[in-house]
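Keep in mind that this is a model prediction, so the values were computed, not measured.
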Amino acid sequence: QVQLVESGGGLVQPGGSLRLSCAASRFTLDFIAIGWFRQAPGKEREGVSCINSSDGSTYAADSVKGRFTISGDNAKNTVSLQLNGLKPEDTAVYYCAAVSSWRVGVQPAETCLSYEYDYWGQGTPVTVSS
């Protein structure tokens, strides 16, 4: 049974920062990739940033490039997402997800698509408002 537990969400003013953390119940190196996704009210879930567990390569959505940074700590089995320069449109529930099985032709750390990920956390809300 894989558990992913997110923490660090909250209310922040525009331009502020937050650091989200995802703690995994097993070694993060057991996963092919771990990612952060978000879902705003009335919108589809979207990939924010994903990381390859073994080589550390990352993907970031255009909307967050230069503002959000994903990082992994395999010694602590955690993946964090640093959110800087937050905007009201970043308001959403942020989810941590992981995938452990290879599928032909799929590179989940490069594409960061939600349907490629098997394990999901409960989510942590981020609200950006003045």
Within the 4.5 Å heavy-atom criterion, are [X] and [Y] side-chain neighbours or not?
{"X": "Arg45", "Y": "Trp120", "value": "yes"}
{"X": "Glu44", "Y": "Ser114", "value": "no"}
{"X": "Pro88", "Y": "Pro14", "value": "yes"}

**Request:** Using the test side-chain contact (heavy atoms from CB on, under 4.5 Å), find all partners of Leu113 that sit at least two apart in sequence or belong to another chain.
**Result:** Thr111, Tyr115, Glu116
**Item:** Residues which pass side-chain contact (heavy atoms from CB on, under 4.5 Å) with Asn77, listed by chain and number, not counting sequence neighbours
**Value:** Phe27, Thr28
Mind listing the closest non-hydrogen atom pair of [X] and [Y] along with its distance?
{"X": "Cys112", "Y": "Tyr59", "answer": "CB-CD2, 3.2 Å"}
{"X": "Gly47", "Y": "Ala61", "answer": "O-CB, 3.5 Å"}
{"X": "Tyr117", "Y": "Cys50", "answer": "OH-SG, 3.3 Å"}

**Item:** Ile32 side, atom CD1; Ser53 side, atom OG - distance, nearest 0.5 Å
**Value:** 8.5 Å
**Asked** Linking Ile, Leu, Val, Met, Phe, Trp and Tyr by side-chain heavy atoms under 4.5 Å, what else ends up with Val48?
**Response** Val2, Leu4, Val12, Leu18, Leu20, Phe31, Ile34, Trp36, Ile51, Val64, Phe68, Ile70, Val79, Leu81, Leu83, Leu86, Tyr94, Tyr119, Val126, Val128
**Item:** Pairs involving residues 12-21, ordered by first then second residue, that meet side chain to side chain donor-acceptor pair (under 3.5 Å) (sequence neighbours left out)
**Value:** Ser17-Asn84, Arg19-Gln82
**Message:** Has Glu6 got a side-chain atom pairing as donor or acceptor with Cys96's backbone, closer than 3.5 angstrom?
**Reply:** yes
**Message:** Applying side-chain contact (heavy atoms from CB on, under 4.5 Å) to Trp102 and Gln107, what does each step give before you reach the verdict?
**Reply:** CA-CA 8 Å; Trp102 285 107; Gln107 298 290 341; 3.6 Å; yes
**Message:** Walk me through whether Ser100 and Arg26 qualify under side-chain contact (heavy atoms from CB on, under 4.5 Å).
**Reply:** CA-CA 11 Å; Ser100 60; Arg26 39 190 276 200; 4.3 Å; yes
**Request:** Would you check, one step at a time, whether the test side-chain contact (heavy atoms from CB on, under 4.5 Å) holds for Thr91 with Ser129?
**Result:** CA-CA 8 Å; Thr91 295; Ser129 175; 5.9 Å; no
**Complete:** Residues at least two apart in sequence or cross-chain that pass salt bridge (charged side-chain N to carboxylate O under 4.0 Å, His left out) with Lys76, listed by chain then number, are none
**Message:** My understanding is that only residues two or more places apart in sequence, or in another chain, count here; which of them pass salt bridge (charged side-chain N to carboxylate O under 4.0 Å, His left out) with Glu46?
**Reply:** Arg38
**Request:** List the steps and the verdict of salt bridge (Lys or Arg N to Asp or Glu O under 4.0 Å) for Lys65 and Asp62.
**Result:** CA-CA 5 Å; Lys65 279 182 181 176; Asp62 288 342; 3.2 Å; yes
